[in-house]
Every structure is written in C-alpha cells, then in structure tokens.
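Computed from a predicted model, the values in this text were never measured in an experiment.
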Amino acid sequence: MEKHLMAIPNRCTGCNRCVYACSAVKEGMFIPSKARVQVSNFTHEGYSVPNVCFQCPKAACMEACPTDAIFKSDRGVIVVDAKKCDGCGNCVDACPYGMIEQYVSGTAYKCDLCGGAPACVAECHYGALVFKEADNVLLKCRKEQMKQRQKEGGSAEKRRALAVEVLKGAERVPRTAGYMG
Amino acid sequence: MRDYDEHFKSDYQGRDIQSAYAEARKMVDTILTPPDQTPLEVRQDIAKKTVRNFRDHINKGFLEYRKSVTEAGNFAYTEWTGQGSVLVDALGREFLDILGGFGLYSYGIRHPKIVAAVKAQLDRSPQYSQELLDPLRAELGHVLALLTPGKIQYGFFANSGTEAVEGAMKLAKLYTGKKGFIACLKGFHGKTLGSLSLIGKKVFREPLMPLLDGVQHVPFGDADAVEQMLAAAKAVGQDIAGVVVEPIQGEAGAIVPPDDFWPRLREVCNHYGVLLIADEVQTGFGRTGKIFGVDHWEVTPDIMCFGKALGGGVVPMSAFFSTPEIWSCMEPNPFMHTTTTGGNPLACSAALAAVTVLIEEDLAEQARKKGEYVLNHLETLKARYPGVLAKTRGLGLLLGMEFPTDGIGYKVASGLFSRGVLTAGTLTNAKNIRFEPALTIPQDILDEVLNRLEDVFKSIERPQREKVSNLYAGRMLHIDLSSGKATAEPLNEAWAREYIGGWGLGAKYYTESVDPTVEPLSVENNFVVMTGPMAGTLAPTGSRTCLVSKSPHTGTIFESNIGGAFGPELKFAGYDGIVISGKADKPVWLKIEDDAVSIENADSLWGKGIFETEQALEEEVGLGMKSLAIGPAGENLVTFACVGSESYRQMGRGGVGTLFGCKNLKAIAVKGTGGVQVAEIGEFWGKVSEHLEDNLMTIDNQWAKDQGTPMLVDVTNEMGIHPTRNFTNGVNPHRRKLDADAVMDIKIGDRACATCPLGCGNFTSINGVQVEGPEYETLCLGGSNCEINDMEQVMRFNRKCDDLGLDTMSTGNIIGLAMALTESGAADLGLTFGDAEAYLQVLDEMANRSTERGRDLTLGAAKLADKYGRPDQAAHSKGLEMPAYDPRGNYGMGLAYATSERGACHLRAFPLFADDPFKLRDLAKEVVAMQNTNGAKWSMCFCDFWGSVDTTIMADLLTKGLGRQFSAKDLDKVGERVWNLVRMFNLAAGFTAADDVLSEKFTRRALENGPHEGRVLAPETMEELKGFYYRQRGWDEDGQPKAAKLHQLGLSDLK
C-alpha cells in the first residue's frame, strides 16, 4: 500500500520545526517562507494545523500545467521539473490547498516527500505529521482535510481557509489517552 | 559657472548684449532647421549646453532629481521631438512615454488634428487685440457648456491649472461672501499662493506660511470628515466658501475615493450652503475613463477647474466653469478677473480641435478599456514578483503603482528609464509611480511597456542585506519615533562577539545609548529589542526575544524576555534587533515587512485589548505576522504593564508595556520572508539533533513536556515556600484545586514556542474560558496568594491580565497585598481573600486607572504598602513584586532576588534545589555561578526550561553555526560580563549595596505555617549572604566591581 504524508492537527503544538526542517533541506538555510510544508497557527484559539501537500490522485496543479513540467512519479509523488517550468503560475492558481508556490523567478516548487523520507516528519516530536500506510482513522482525517478545497485567494489564504475549517470541525476535549487526542 | 564677479567690473555692468543676441540667433537657427537635418555635433552640443544652462540659469537642484541626467551617460537626455506615445531625444534615443507629461499628453504628443488646427490659426491670428470680441473663446465657452454636466454654463480661460484653481477660489469667495475652504490631505491643486493653501502636503506649504486664512484639510474619501468640519466651522462661526477636491487624487498616487464620497459631498455642500469645486485639471477630458472624473458618480459640482489636456497637449490652457447663478456675481464688474493671454486663439483652436478628437476617437472609452487591461496585467505582475509591487490603483489611465519603499519605487522608475520607458513618481507620495500614458497609446506600445516593466521587476533583486553573516541577520533597526525615521545599520560585530545577543547585546546597545540617570518614562529613554543567534534556526528553545531598558517600575536597568515566534520573524525580516528612541506625537505602531519599515497611525487600535489588537494587526500585515503589543495598562502607563504576543505570551516584568505606552507605541508587527544562514547546514543540524536527543529530551527536562510549570505547585508546597495569603503562609491547604493535575484535567492541547519540541504550554478550557496556561506563577500569585482556590477564576484572571496587558505576577502579588491591607484594617480597598468578583473587577480599574482603588494598586506593592503605613506587608525587592518562591524557606532564592539587577526575579538564579537551602557560603557560590550561566543563556536567548543546557553545548552550537571556534570559557565570560555591565549601570543610576535587600515582610515577619513556620530571613543573615556573594563576584564590600574584575572582563572603560 502507498504511504501518505498526513497531518493530525489535534496533536500539533505550532512549533514549526517541520517548516524549518523542510526549508533547511530544500533551500540550505532556515527560511520558512520557502518551506513546502506550512503551519497555520491560531494562537488565540490554541490550535495549529499543519498544511501538507496531499499528492492528490488527480492533481489540479499537474492538470493546469501547460508545459507538462509537473508530472506524477512512479511512486505517486507529484513532482515539478524546474527545467520545463516556464513560470506561468497556473499551477499556483489551480491548487485548491495552496501547496504549490513560485520562486521570484517564476519557477514552481512543491513538496516531493524528500524522496520517501520526509524531513518534516522526522522533526515532529508530537506525532502531528506521519508518513505511513494509512489506516481507516488516518484516511478519514486526510479525507476531511482534502474536502476543504479553495478556489479563491493566494496560497496563504487557501491554507488558512482549510485550517479554519479543520479548526471548526475539531473535537477539542480534555486529553485522555486516545488515538487522535 | 561663468564668473560674473571677475568678468564685469561693477554690478550694473552685469550683461553682455552682443552675446545674448548671438546665443539667441544660434538657437533660432537650430529651431528653423528641421529636426532630422540638424547635424549630430550640433545636437550633442545642445545636450551638453542644456545641462550647463539648467545648472547656471534654471535651477541646478533639478539636475539631481532628473533621471534624464542621473541615468544618462555622456549626454543628458534632452527634449527634442516626439509623436504619439514615442519621444525622441536630441541624440535620437527613443522613449515610450507613460508619463504623459503629468497628464498633459492625453491626446499623445503632437496629435495631427490638433497641430493642424493650431498651425492654421497661427497663420491667421495668434493673439487677440484685447478690444474686439474673440470668436474662438466664445465658441469654446459654448462647446464646454455643452460638454459639462448639469447647469454649468459660463467659464473663464487661463493658462495653467493653478490659475484655474485660483480663479475658482476667487469666484467662490465672491459669490458666497465667505472666505474659508476645505481641501483634502495629499491633495494637489497647484503651487501659486492661493492654490498652494489648498495643497495637502507639508513640504510645499510649511516654508511659506502664512498662506490663505481659513483653509482646513480632511482625509480624502471621508465625507463624514467634511461634514464634521463644516458643522464645526458653522458652530464656531468660521465661514467656508467652498470644498475643493480632485475627483480622483492624482499626485497622491491615483487614489479612487469610496463610491459614496462624491454623492455625499454634494449633499453635504447643499446642506451647508457651500460650493463644491471639482479640480478636474488632471482628471478631465477622458483621462479616467469618463469625460470628467465626476461622471463616475454622476455628480454636478458648482465649479469645475480644467487644465493640462484642455489645450490638447499643444498649447497651455486652463479654465474654470460654473453655473449662471454663481457666475452672476462676476457680471456687475467683469474686470474683477481678467488675463491678457488666457484663452488666446492658439489655445482655443487647440482646445476646440482636442474636443473633436476626444469624441471622434472616443478617448474616454479607450482609457477605460486600456486602464482595465493595464490593471489586470499589473495584478499578475504583483503576484509573480512578491515584494516588488505593493499596490495598484486608479481609474481609466490615471493609474498608480505603489511600491513597498521609496527605494524600490526609485529602482523601478530608473530601471524603466534605462529600458526606454518614461515615467516618474507622484508629487505628494514618493512610493508611487505614475502610469499615465496618452489615451491614444497603441496596444503594441502598451504591451511593450508592460514587458519592459516585467523585465525591471525581474531585475530588482530582493533588497540587499548589508552583509550575509552566519546566524546573525547582520543588521540593527534604529527607529526614532520623534522624527519618524527608520534606519538599518550593520550589527556591531565587536559587540556581538563580546555580548552574543539577547540580554547581553541588548544591554550593550542600551547602555551605550542612554545616560544611566535617564528618567525611564522620559523621551530620552530608549529600549532595545534583541534576538539571539539561534533565533530562526532549529536549535531548540533558542528563539526567545529580549527587551532591555530602564524599568519604569523599579528604576533599575532590566531585561524582560518572551517566547513565541516574534524573534525568528524579526530575523527573517533581516534584523537582529531594534533600538527604539524618541516619542511619537500620537499613537502609532511599527510595521516591518522585510526592508519596508513604516510607522503607522494607531488611533483605531489605541484603547483596545491585546487580543483585539493582534487580530487587527494580522488583518493589516497579513497571515503569519508576529507582533509585540500593549493593552490599556501600557497605554495608561501602569508601571508593571506587559507586552503581549500570540495572545498568551508576555514580556511580563518590569514595565515593558509602560515603555511602549509612554512612547505612544501601540505595537511592533513584523513579517519576514528571508532566512537565517549557518556555516554548514548539515553539520549544524547534526549538532542540533545530537544535543536535542542527548540533553534536551531527557528526564531532566521531561517535566516541561509532561505537565509544564504547574508541577511546581506541588514542589513548592512540599518545600513550604508556596506564597499563600499575601506571603503569610508557605503552604496552601487547597492546593489540589490549583495543581498540575487540576490543570491536566482541563487541558485540550499542547502549545510550543518556535522550534521547541518541549511544548510546555498547556491550552486549557473550562466553562467557555480558554487560556494558554495558567502557568505556575499565575496559579500561585493569582491563586493561592489571593486565596482564589478556583481554577476557573484564576483562568479568568489570567486571560484578563493578558488582554489588558498587566503582568500577572506583579498584579497577583499586589492584589494579595491589597487584600491583606483591607482585612487588617489598614486600608479599605474592598478586596478580601477569596473574593473572586472584586479580584477580577479591580483588574479593569487598574489597567484603566479608572478608580481611586485601581490607581492605588498601580502604585505597586512597595508604594501601596508605604501609603497605608504597612511596609512590612509588601513582598518585593528593589520595588519589583516577588515571584512565587518564599525566600524565608529558601535563602538561596532570597539572595537571588536581592542581587538581581531588576529586583525580585527568579530567572537570574534559581537555587531552589540547593543541597542545603540555608548554607550561606555555598548558596552565594551557587547563585553567582547560576547568574553567570544565565547571563550567557539569556544572551543566547535559550529558554529557562532547557535546564540542563550548559555553556559547552551552547558554545558547540555557536561554533557550528558561525563556522568559527567559540569556547565554553568564552561564553562563561560573556555571562559574567553582562552581570558586571548591568551592575555598573545600576550603580551609576544611584543604586547601592543597601538596595540589595528584601522587603521587611521577609526580614521581620515570620512564615506562619508549614515546615518553615516561624522562620525569617533576618537582615544580618542577608548581610552575611551578600558578603559572600560580593567576594565571590570580585566586588568590594559596597557591591562595587573591583578594577581588576572589570579589567578581566574588558570593562575597564566603565570606571
């Protein structure tokens, strides 16, 4: 079975280690604005939602690309071929989750699961990011997030809008031992 | 320059008639030669001579501003000829024109139909006799009457836009018999003395005051403000003749008002019997996509002013028009307003031809379509090159591009210029660039302009940092609130080596910037916000941010720090710290977006709580912004007001919020898109992971991850040092209601600061009350100490303090004292132990200083107890309210409090778990060692809760990050250096060894329950402790660092 990168918002503390780690791997420096994973923080509500690329089965970014620069690898990962990308930005508009972005040069970038060992997961000390074959509970969680498709706004707004919906639907109960608690 | 003094013997001789003739002759010959037949060397000569002439005879000041000079090579770009939207200079260099001569060239350069009419008229009659009736002027009056809306029918012709406005003002005064005018901020109406009075920008007005009496300015687009001004003017008998407004503000950067603005202006002016004057000089004749600007809202003004495009871009011309009713006041004496050259036949023929072109070529519609096209394209560019273009706006082809900074705006303008596109900034707003081409601009030229614009955007590198350095951003931001100036300066590297960052480097920057005797709340006092080298990296818990200044609460130097993610964000924006000086004259907030730093108006935020303020800031600055903000307590200068961030995090102690408040600074909001670099990312990250696993995530620090600080409730109760009932008891029999288990019962999530894997924050919720916390200090000082043994009420207290901006520690301590004073009969403050209602109520009274009682409590514990004659009831040192560890049962804590630079503080040394809490000599040694380690730790900005981190680990991370060796010994020395630096400052500020004490509560009154019942920390014991301590520190018996110690630390210059 396929492994998925999944976010379990109820566990997220908003520390952003995943974001820093991602940018360090991809950009060689700590530069969260260029990370491929982001965290939507609701500090006042004490809640945080990691925004991850779902590597959609039918990827809108891929479909929107006029130069076939975005393709699906044999492992099912949606990958940008920077050489083919002409910087049109159609993919950015198309992604309903705000998870593909452009450099100033126009070239698009997105999560590629670090070739199968995502750095973000390794840095998450609360188990809010997991990379594994999904069980029913995890799949349900992923499905709930994937339902939140946004058409309007920039990438940051789309991520925030998804996170707002996740927060609305979150079951926030005093911690007791339990799977999603 | 020609040396006139030498050339001419006397003043009067200062002329040379023959040369004047020869020069004029030569130029006329050149003019008479067709432009394409003038030899190159003649044109080169003209280019050179023009610069010289500008310098010697026009105004050399312009040469520094004109890109045609500054961007040119050997030859300045010199006006020569042009056609449509293409301009050609004397050397044949082409420009695409989107400046449109400031809106003059609506019909393009040399529109053939207009030029033909003017040439024909030139051959017939160029000027008037001034006696016969002139047919062209009369007919143009007729044509414009037909073209303008409503009853507008009569007009007067002049030469330039400012004359039209002058005339309109005279007409309004004459008709209404009143003298005042209302105009808009940032508005532009011309620069002759009358219209200058209407301009909404200080730089043009101020040097020429006084101008016309009775002119008032209101914000553009705010009809309510106009109405209020009119109502006020009426109420005080200040009569207003007219309201003068541009339909769309041009020079301010193409600002379009809200849709109801013009209709409301019409209503309001009717209501108050005031004339509505539309300055259509720039907006008229198709520019905005309608024939006139007011057509967008279908409003008829009383007077309309025209200029610029009126003369077809061929002959200068202006006019003001009005209704028969108003014009009648000019009829009894038509000589009230005349001009010799205004409305001359050449100008009128140009205007008449221009009107035919306007309608034949439907220029208004062309402007509308092209404007939409350009705006759409600019939006795309804006998204594609984030950080370059900030805003686009305007209507039709009166468009503006706003850039984040003047600097970027200038780069774009000069980048366009060097790519052969002509544009300029606007007069009243320097961040703006005009996009104001001819309405006839062909589509292919428009596309070419947009292409070149994109090319410029591409070339604009993100603003360069002074220096790319490892771990540090390499820059300090200096803000002078008095002048509104923001400057970024290179980080002082020598200081950074000696003091690292955070507390140390902040203290260095601070002490170098003020006199030690400075009054904390005076305009001369500064404060320094400082991050550490680990902020913005994965180094765990290393992202705290310090603030250093002189405390308005204690008068000592102090440092207060905060977790969350403000520090990293500041680094990502490109700054290691901020030095704030001066005082704003009205409420402001500081906005930092990478290189774009601005001081913003905070009128709408003033008075708001911190939660609401943060929300408003996020809307202004955008998602992910981080801020430091104050609430009402800081605004009202409560001396223990805190600064809040992310709702529940604070720089709590010592009155940080008060410093913000006294500078009229509501908040600092930052958003950064840059990064933090390290020497070698793999090695650095490897070290981070190693120390994280081997040292941080171990049993020593596990408490933070498990329960967080509430676990201390049990610990301190067991030790008998849990302040209860205003520090009367050391054990709270009801502690179960406020202990870690009680917190865990209502916890709904873990919260962490930036990159911290511990996540010590407990997010709790009970009966709809939510808070991150309560932390131990709040549970004890706001709970046990006030005998509020009810978690929900303590949470309410916590939330309220966080929102109002009160330090929960000082506040809980003081309320406990007030309860004791009330119950003992010393004062009647209406507060008794356990009375939750009054305890919550008094928080508002304190923050707002709204009641006698509230004001009393804001005195702080020391002064409050003094006021009611019970100094033995106050728990503090140097005036800072004591934290929740009773020193009578733990003498080490007593020494730590007494010797802390900022008064009673548990974060300087925490010898709580000393082997023997009463063995004086060892305690002194331990306190000094801990203080020094913490001096280094707070300079590195690590969190207290990485308790096991030592200078070896810190030095290891620094070494790997910086790429150069840093030893544990170096860091130990940093810690000791900081302690001595702040000690010297306090001594210079007037503090002495006699201040290194605890309040009488601890030296004279014994603990009343628990294992230490009956114990005091007697004055002689404290003296003995201090003796050991001073010796251990290398200080003399007066607590003065000895010369040898200062020398050893490189602080000899402090003597």
May I ask you to decide whether Lys168(A) forms a salt bridge with Glu165(A), counting only side-chain N to carboxylate O separations under 4.0 Å?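 A salt bridge links Lys168(A) with Glu165(A).
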
Lys/Arg-Asp/Glu bridge criterion (N-O < 4.0 Å) met for Asp750(B), Lys747(B):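 Counted as a salt bridge, because a side-chain N and a carboxylate O are separated by less than 4.0 Å.
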
When heavy-atom pairs shorter than 4.5 Å are enumerated against chain B, which of [options] gives the highest number?
| options | result |
| --- | --- |
| Ile31(A), Val19(A), Val92(A) | Ile31(A) |
| Gly89(A), Pro32(A), Gly106(A), Ala156(A) | Pro32(A) |
| Lys34(A), Gln38(A), His125(A) | His125(A) |
| Cys15(A), Gly154(A), Gly87(A) | Cys15(A) |
| Arg160(A), Glu157(A), Glu27(A), Gln102(A) | Arg160(A) |

Keeping to residues at least two apart or across chains, list the salt bridge (Lys or Arg N to Asp or Glu O under 4.0 Å) pairs with something in residues 107-116 of chain A.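 For residues 107-116 of chain A: Lys26(A)-Asp112(A).
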
For the residue pair Tyr20(A) and Phe30(A), categorise the inter-ring angle as parallel (less than 30°), tilted (30 to 60°) or perpendicular (more than 60°). tilted

Does anything in residues 617-624 of chain B get under 4.5 Å of chain A by heavy atoms, and if so which residues? Glu618(B), Leu623(B)

Chain A contact via [X] - side chain, backbone, both or neither, heavy atoms under 4.5 Å:
| X | answer |
| --- | --- |
| Leu692(B) | side chain |
| Val678(B) | side chain |
| Val743(B) | neither |
| Thr764(B) | neither |

Under the criterion side-chain hydrogen bond (donor to acceptor under 3.5 Å, both in side chains), which of Arg799(B), Glu775(B), Glu772(B) is the partner of Tyr648(B)? Arg799(B)

Could you tell me if Asn41(A) and Tyr47(A) have a donor-acceptor pair between their side chains, going purely by distance under 3.5 Å?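 There is no such pair between these side chains.
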
In terms of side-chain heavy atoms, does Glu171(A) have a donor or acceptor partner in Asn10(A) at a distance below 3.5 Å? no

Under 4.5 Å heavy-atom distance to chain B, tell me which part of [X] shows up: side chain, backbone, both or neither.
| X | answer |
| --- | --- |
| Val25(A) | both |
| Ala119(A) | side chain |
| Ala21(A) | both |
| Ser48(A) | both |
| Cys12(A) | backbone |

When you measure from the centre of the six-membered ring of Phe54(A), is the NZ or CZ of Lys143(A) under 6.0 Å away and within 45° of the axis? no

How long is the gap from OH on Tyr97(A) to SG on Cys61(A), to the nearest 0.5 Å?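 One gets 11.0 Å once the value is rounded to the nearest 0.5 Å.
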
Checking the side chain of [X] only, and the main-chain atoms of [Y] only, is there a donor and an acceptor separated by less than 3.5 Å?
| X | Y | result |
| --- | --- | --- |
| Arg172(A) | Ile748(B) | no |
| Tyr126(A) | Leu758(B) | yes |
| Asp803(B) | Ile610(B) | yes |
| Asp455(B) | Leu453(B) | no |
| Asp594(B) | Thr673(B) | yes |

If you count heavy-atom pairs under 4.5 Å between each of Thr537(B), Leu538(B), Val676(B) and chain A, which one has the most? Leu538(B)

Among Gly536(B), Ser689(B), Gly759(B), which has the most heavy-atom pairs under 4.5 Å with chain A?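 Highest number of heavy-atom pairs under 4.5 Å: Gly536(B).
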
